[in-house]
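These notes concern the structure reproduced below.
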Amino acid sequence: MAATDDRRPKYQRIADSLREAIRSGEYGPGDRLPGENDLMAAHGVARMTARQAIGVLRDEGIAEARKGAGVFVRDFRPLRRRGIQRLARDQWGNGRSIWSTDIESRALEVDQVSVSEETAPAHISAVMDLAAEAVMCVRRRRFVVDNKPVLLATSYLPLSLVAGSAITQEDTGPGGTYARLSELGHAPVHFREEIRSRMPSPDELTQLSLAPGTPVILICRTAFTEEGHPVEVNEMILDAASYVLEYDFDA
(Lines give C-alpha, C1' and ligand atoms only; values in the text may rest on other atoms or scores of the structure.)
Protein backbone atom coordinates (compact mmCIF):
# COMPACT_ATOMS: atom_id res chain seq x y z
CA MET A 1 0.00 0.00 0.00
CA ALA A 2 2.81 2.40 0.88
CA ALA A 3 4.48 1.84 -2.48
CA THR A 4 1.21 2.60 -4.23
CA ASP A 5 0.83 5.79 -2.20
CA ASP A 6 4.37 6.85 -3.13
CA ARG A 7 3.48 6.62 -6.79
CA ARG A 8 0.67 9.12 -6.44
CA PRO A 9 1.44 12.56 -7.90
CA LYS A 10 2.99 14.93 -5.38
CA TYR A 11 0.16 17.42 -5.70
CA GLN A 12 -2.33 14.68 -4.79
CA ARG A 13 -0.37 13.72 -1.67
CA ILE A 14 -0.22 17.37 -0.59
CA ALA A 15 -3.96 17.75 -1.18
CA ASP A 16 -4.61 14.59 0.85
CA SER A 17 -2.58 15.92 3.77
CA LEU A 18 -4.43 19.25 3.69
CA ARG A 19 -7.77 17.47 3.50
CA GLU A 20 -6.88 15.35 6.51
CA ALA A 21 -5.78 18.46 8.42
CA ILE A 22 -9.18 20.00 7.74
CA ARG A 23 -11.04 16.85 8.79
CA SER A 24 -9.02 16.61 12.00
CA GLY A 25 -9.86 20.20 12.93
CA GLU A 26 -6.36 21.63 12.47
CA TYR A 27 -7.99 24.03 10.04
CA GLY A 28 -11.57 24.99 10.79
CA PRO A 29 -14.25 26.67 8.68
CA GLY A 30 -13.02 30.08 7.52
CA ASP A 31 -9.37 29.41 8.39
CA ARG A 32 -6.70 30.38 5.92
CA LEU A 33 -4.87 27.43 4.37
CA PRO A 34 -1.15 27.39 3.54
CA GLY A 35 -0.51 29.29 0.32
CA GLU A 36 1.58 28.29 -2.67
CA ASN A 37 4.79 29.66 -1.15
CA ASP A 38 4.11 27.83 2.13
CA LEU A 39 3.52 24.52 0.35
CA MET A 40 6.60 24.97 -1.85
CA ALA A 41 8.78 25.47 1.22
CA ALA A 42 7.17 22.72 3.31
CA HIS A 43 7.16 20.04 0.61
CA GLY A 44 10.05 21.10 -1.63
CA VAL A 45 7.86 21.27 -4.75
CA ALA A 46 7.47 23.64 -7.67
CA ARG A 47 4.83 26.35 -7.69
CA MET A 48 2.72 24.49 -10.25
CA THR A 49 2.58 21.43 -7.98
CA ALA A 50 1.50 23.56 -5.02
CA ARG A 51 -1.12 25.26 -7.19
CA GLN A 52 -2.48 21.90 -8.35
CA ALA A 53 -2.78 20.68 -4.75
CA ILE A 54 -4.82 23.73 -3.78
CA GLY A 55 -6.87 23.31 -6.95
CA VAL A 56 -7.90 19.81 -5.89
CA LEU A 57 -9.45 21.15 -2.67
CA ARG A 58 -11.17 23.98 -4.52
CA ASP A 59 -12.61 21.56 -7.06
CA GLU A 60 -13.94 19.40 -4.24
CA GLY A 61 -15.67 22.40 -2.68
CA ILE A 62 -13.57 22.11 0.49
CA ALA A 63 -11.65 25.34 -0.04
CA GLU A 64 -12.39 28.67 -1.70
CA ALA A 65 -10.12 31.43 -2.99
CA ARG A 66 -10.65 35.00 -1.84
CA LYS A 67 -9.12 37.56 -4.13
CA GLY A 68 -6.06 39.15 -2.61
CA ALA A 69 -6.42 37.21 0.65
CA GLY A 70 -5.55 33.58 -0.11
CA VAL A 71 -7.34 30.24 0.05
CA PHE A 72 -9.63 29.42 2.96
CA VAL A 73 -11.56 26.44 4.30
CA ARG A 74 -15.09 26.83 3.00
CA ASP A 75 -17.25 28.07 5.85
CA PHE A 76 -20.71 27.62 4.33
CA ARG A 77 -22.61 24.98 6.29
CA PRO A 78 -24.47 22.69 3.81
CA LEU A 79 -28.24 22.76 3.88
CA ARG A 80 -29.94 19.54 4.91
CA ARG A 81 -32.82 19.22 2.45
CA ARG A 82 -35.44 17.04 4.13
CA GLY A 83 -37.16 15.78 1.01
CA ILE A 84 -40.24 14.26 2.67
CA GLN A 85 -40.91 16.50 5.68
CA ARG A 86 -40.61 19.74 3.71
CA LEU A 87 -43.56 18.84 1.45
CA ALA A 88 -45.94 17.78 4.23
CA ARG A 89 -49.32 19.52 4.12
CA ASP A 90 -48.76 20.55 7.75
CA GLN A 91 -46.05 22.86 6.40
CA TRP A 92 -47.62 24.81 3.54
CA GLY A 93 -51.18 24.18 4.73
CA ASN A 94 -50.44 26.18 7.88
CA GLY A 95 -48.83 29.08 6.06
CA ARG A 96 -45.22 27.99 6.53
CA SER A 97 -42.66 27.97 3.77
CA ILE A 98 -41.46 24.51 2.74
CA TRP A 99 -37.96 25.98 3.14
CA SER A 100 -38.43 26.29 6.91
CA THR A 101 -37.49 22.62 7.42
CA ASP A 102 -34.22 23.17 5.54
CA ILE A 103 -32.88 26.48 6.80
CA GLU A 104 -33.97 26.47 10.47
CA SER A 105 -32.86 29.91 11.70
CA ARG A 106 -30.62 30.79 8.78
CA ALA A 107 -31.23 33.80 6.54
CA LEU A 108 -33.15 33.04 3.34
CA GLU A 109 -33.66 35.53 0.53
CA VAL A 110 -35.34 35.13 -2.84
CA ASP A 111 -33.33 37.79 -4.63
CA GLN A 112 -34.58 37.12 -8.17
CA VAL A 113 -38.22 36.49 -9.05
CA SER A 114 -39.96 36.65 -12.41
CA VAL A 115 -43.45 35.53 -13.42
CA SER A 116 -44.45 35.19 -17.05
CA GLU A 117 -46.92 33.55 -19.41
CA GLU A 118 -45.20 31.18 -21.84
CA THR A 119 -46.00 28.31 -24.15
CA ALA A 120 -45.15 25.06 -22.40
CA PRO A 121 -41.87 23.41 -23.44
CA ALA A 122 -42.45 20.01 -25.04
CA HIS A 123 -41.18 18.00 -22.06
CA ILE A 124 -43.42 19.93 -19.66
CA SER A 125 -46.47 19.44 -21.88
CA ALA A 126 -45.76 15.72 -21.93
CA VAL A 127 -45.48 15.45 -18.13
CA MET A 128 -48.65 17.48 -17.57
CA ASP A 129 -50.57 15.85 -20.42
CA LEU A 130 -51.30 19.21 -22.06
CA ALA A 131 -51.65 20.29 -25.66
CA ALA A 132 -48.40 21.47 -27.21
CA GLU A 133 -49.64 25.08 -27.43
CA ALA A 134 -50.86 25.23 -23.81
CA VAL A 135 -49.98 28.48 -22.03
CA MET A 136 -48.24 28.18 -18.66
CA CYS A 137 -47.63 30.44 -15.72
CA VAL A 138 -43.86 30.24 -15.33
CA ARG A 139 -42.22 31.29 -12.06
CA ARG A 140 -38.41 31.66 -11.96
CA ARG A 141 -36.59 32.26 -8.66
CA ARG A 142 -33.10 32.31 -7.21
CA PHE A 143 -32.76 31.34 -3.54
CA VAL A 144 -29.91 32.71 -1.42
CA VAL A 145 -29.00 31.38 2.04
CA ASP A 146 -26.51 33.25 4.26
CA ASN A 147 -25.63 35.44 1.24
CA LYS A 148 -24.77 32.34 -0.86
CA PRO A 149 -26.88 31.49 -3.97
CA VAL A 150 -27.86 27.84 -3.54
CA LEU A 151 -30.78 27.07 -5.85
CA LEU A 152 -32.44 28.11 -9.11
CA ALA A 153 -36.06 27.09 -9.57
CA THR A 154 -38.47 27.25 -12.50
CA SER A 155 -42.09 26.26 -11.85
CA TYR A 156 -44.65 25.56 -14.56
CA LEU A 157 -48.38 25.71 -13.79
CA PRO A 158 -51.30 25.64 -16.27
CA LEU A 159 -52.48 29.21 -16.70
CA SER A 160 -56.03 27.92 -16.99
CA LEU A 161 -55.80 26.82 -13.33
CA VAL A 162 -54.04 29.79 -11.76
CA ALA A 163 -55.03 32.87 -13.81
CA GLY A 164 -56.00 35.79 -11.56
CA SER A 165 -54.62 34.14 -8.40
CA ALA A 166 -51.66 35.15 -6.24
CA ILE A 167 -49.63 32.45 -7.99
CA THR A 168 -49.29 34.85 -10.92
CA GLN A 169 -47.77 37.47 -8.61
CA GLU A 170 -44.17 37.62 -7.40
CA ASP A 171 -45.28 37.10 -3.77
CA THR A 172 -47.63 34.11 -3.54
CA GLY A 173 -48.37 34.71 0.16
CA PRO A 174 -48.17 32.47 3.28
CA GLY A 175 -47.67 28.81 2.42
CA GLY A 176 -46.66 29.69 -1.13
CA THR A 177 -47.87 28.13 -4.35
CA TYR A 178 -49.20 24.93 -2.78
CA ALA A 179 -51.40 26.80 -0.31
CA ARG A 180 -52.82 28.89 -3.15
CA LEU A 181 -53.47 25.79 -5.27
CA SER A 182 -55.38 24.33 -2.33
CA GLU A 183 -57.54 27.46 -2.12
CA LEU A 184 -58.27 27.09 -5.85
CA GLY A 185 -59.49 23.53 -5.32
CA HIS A 186 -56.36 21.86 -6.69
CA ALA A 187 -54.51 20.88 -3.52
CA PRO A 188 -51.44 18.73 -4.15
CA VAL A 189 -51.61 15.44 -2.28
CA HIS A 190 -48.80 13.51 -3.96
CA PHE A 191 -45.33 14.50 -5.17
CA ARG A 192 -42.76 12.82 -7.38
CA GLU A 193 -39.13 13.94 -7.47
CA GLU A 194 -36.57 12.82 -10.03
CA ILE A 195 -32.91 13.51 -9.16
CA ARG A 196 -29.92 13.70 -11.47
CA SER A 197 -26.51 15.36 -11.45
CA ARG A 198 -24.30 17.00 -14.08
CA MET A 199 -21.78 19.77 -14.53
CA PRO A 200 -23.26 23.31 -14.69
CA SER A 201 -23.81 25.43 -17.77
CA PRO A 202 -21.89 28.74 -17.93
CA ASP A 203 -25.04 30.63 -16.87
CA GLU A 204 -25.61 28.30 -13.90
CA LEU A 205 -21.95 28.67 -12.92
CA THR A 206 -22.46 32.44 -12.71
CA GLN A 207 -25.94 32.42 -11.19
CA LEU A 208 -24.93 30.08 -8.36
CA SER A 209 -21.40 31.51 -7.90
CA LEU A 210 -19.99 28.00 -8.19
CA ALA A 211 -16.36 27.09 -7.60
CA PRO A 212 -14.70 25.49 -10.64
CA GLY A 213 -15.39 21.77 -10.83
CA THR A 214 -18.55 21.89 -8.68
CA PRO A 215 -21.45 19.85 -10.12
CA VAL A 216 -25.11 20.73 -9.81
CA ILE A 217 -28.00 18.55 -8.64
CA LEU A 218 -31.14 18.57 -10.78
CA ILE A 219 -34.45 17.89 -9.04
CA CYS A 220 -37.65 17.79 -11.06
CA ARG A 221 -40.73 17.72 -8.84
CA THR A 222 -44.26 17.11 -10.09
CA ALA A 223 -47.25 17.85 -7.83
CA PHE A 224 -50.47 15.85 -8.27
CA THR A 225 -54.03 16.37 -7.03
CA GLU A 226 -56.23 13.74 -5.38
CA GLU A 227 -57.50 12.82 -8.83
CA GLY A 228 -53.94 12.25 -10.07
CA HIS A 229 -53.78 15.38 -12.22
CA PRO A 230 -50.39 17.12 -12.37
CA VAL A 231 -50.74 20.78 -11.39
CA GLU A 232 -47.11 21.90 -11.15
CA VAL A 233 -43.71 20.90 -12.46
CA ASN A 234 -40.79 22.50 -10.64
CA GLU A 235 -37.32 22.17 -12.17
CA MET A 236 -34.62 22.95 -9.61
CA ILE A 237 -30.87 23.35 -9.99
CA LEU A 238 -28.90 23.03 -6.74
CA ASP A 239 -25.29 23.78 -5.88
CA ALA A 240 -24.15 20.25 -5.01
CA ALA A 241 -21.56 21.53 -2.52
CA SER A 242 -24.27 23.39 -0.59
CA TYR A 243 -26.64 20.49 0.02
CA VAL A 244 -27.16 17.21 1.83
CA LEU A 245 -30.26 15.41 0.53
CA GLU A 246 -32.03 13.65 3.41
CA TYR A 247 -34.88 11.15 3.03
CA ASP A 248 -36.24 9.84 6.32
CA PHE A 249 -38.99 7.25 6.09
CA ASP A 250 -40.26 4.06 7.72
CA ALA A 251 -39.71 0.60 6.26
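The first residue in the sequence is number 1, and the count goes up from there. Quick note: numbers below take in every heavy atom, side chains included, and nothing from hydrogens, waters or symmetry partners.
Partner S155 forms a side-chain hydrogen bond (donor to acceptor under 3.5 Å, both in side chains) with one of E232, E235, R139 and no other, that one being E232.
Scanning all heavy atoms of the two residues, the minimum distance from A153 to F143 falls at CB-CE1, 3.9 Å. Contact detail for C137 and V115: the closest heavy-atom pair is SG-CG1, 3.9 Å. Pairing each heavy atom of P188 with each of L181, the nearest pair is CD-CB, 4.3 Å. The two residues V216 and S197 make their nearest non-hydrogen contact at O-OG, 3.1 Å. Scanning both residues, R74 and S242, for their nearest heavy atoms gives NH2-OG, 3.6 Å. When all heavy atoms of I167 and T177 are compared, the pair lying nearest together is CD1-O, 3.9 Å.
A salt bridge does not link R82 to D248: none of the charged nitrogens lies less than 4.0 Å from a carboxylate oxygen. Remark: E64 does not engage K148 in a salt bridge, criterion side-chain N to carboxylate O under 4.0 Å. A salt bridge links R19 with D16: at least one charged nitrogen is closer than 4.0 Å to a carboxylate oxygen. Here R142 pairs with D111 in a salt bridge; the nearest charged N to carboxylate O distance falls below 4.0 Å.
Between the OG1 atom of T49 and the CD atom of E36 there is a distance of 10.5 Å, given to the nearest 0.5 Å. Taken to the nearest 0.5 Å, the CZ atom of R106 stands 5.0 Å off from the CG atom of L79. How far CG of L218 is from CD of E194: 11.0 Å, rounded to the nearest 0.5 Å. Taken to the nearest 0.5 Å, the CD atom of Q207 stands 5.5 Å off from the CG atom of L152. Distance check: R80 CZ to L245 CG gives 10.0 Å after rounding to the nearest 0.5 Å. Going from atom CZ of R141 over to atom CG of L151 covers 8.5 Å, rounded to the nearest 0.5 Å.
Under the 4.5 Å side-chain heavy-atom criterion for ILVMFWY residues, no single connected hydrophobic cluster contains both V127 and F191. No continuous path of ILVMFWY side-chain contacts below 4.5 Å connects F72 to L210, so the two sit in separate hydrophobic clusters. No path of Ile, Leu, Val, Met, Phe, Trp and Tyr side chains, each step under 4.5 Å between heavy atoms, connects I124 with I237, placing them in separate hydrophobic clusters. In the hydrophobic cluster analysis, where Ile, Leu, Val, Met, Phe, Trp and Tyr join through side-chain heavy atoms closer than 4.5 angstrom, L238 is grouped together with I195. When hydrophobic clusters are built by joining Ile, Leu, Val, Met, Phe, Trp and Tyr residues whose side-chain heavy atoms come closer than 4.5 Å, directly or via intermediates, Y178 is not grouped with V138.
Annotation: side chain of R140 is not in contact with side chain of Q112 (no heavy-atom distance under 4.5 Å). In this structure, F224 and P230 have side chains that are in contact, with non-hydrogen atoms separated by less than 4.5 Å. Proximity of D239 to P149: side-chain heavy atoms (C-beta onward) are nowhere separated by under 4.5 Å. Annotation: side chain of R198 is not in contact with side chain of P215 (no heavy-atom distance under 4.5 Å). Side-chain contact check for P200 versus T214: every heavy-atom pair is 4.5 Å or farther apart. Looking only at side-chain heavy atoms (C-beta outward), L18 and L39 come within less than 4.5 Å of each other. For the pair I84 and Y247, the minimum side-chain heavy-atom distance is below 4.5 Å. Counting heavy atoms from C-beta outward, R81 and W99 have side chains that stay 4.5 Å or more apart.
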Item to complete: Might you work through the side chain to side chain contact (heavy atoms under 4.5 Å, CB included) test for I22 and L33, ending with a clear yes or no?
Response: CA-CA 9 Å; I22 293 169; L33 291 170; 4.1 Å; yes
Item to complete: Please lay out, stage by stage, how H186 and L157 fare under the test side chain to side chain contact (heavy atoms under 4.5 Å, CB included).
Response: CA-CA 11 Å; H186 306 292; L157 303 102; over 6 Å; no
Practice prompt. Go through R221 and E193 one step at a time and tell me if the side chain to side chain contact (heavy atoms under 4.5 Å, CB included) criterion holds.
Written response: CA-CA 4 Å; R221 180 172 68 234; E193 290 193 340; 3.2 Å; yes
Item to complete: Go through V45 and Y11 one step at a time and tell me if the side chain to side chain contact (heavy atoms under 4.5 Å, CB included) criterion holds.
Response: CA-CA 9 Å; V45 296; Y11 77 86; over 6 Å; no
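The backbone N or O of V73 sits nowhere less than 3.5 Å from a side-chain atom of R32 that would complete a donor-acceptor pair. Distance alone, capped at 3.5 Å, is enough to place a donor-acceptor pair between the E204 side chain and the S201 backbone.
Remark: F249 CZ is loosely packed, at most 12 non-hydrogen atoms of other residues, nucleotides or ligands lying under 6.0 Å away. Annotation: M199, atom CE; neighbour count of heavy atoms from other residues, nucleotides and ligands within 6.0 Å is above 12. Residue R66 places its CZ atom among more than 12 non-hydrogen atoms of other residues, nucleotides or ligands, all under 6.0 Å distant.
Using bins of under 30°, 30° to 60° and over 60° for the plane-to-plane angle, the ring pair H123/Y156 lands in the perpendicular bin.
A side-chain donor from one of T225 and E227 sits under 3.5 Å from a side-chain acceptor of the other.
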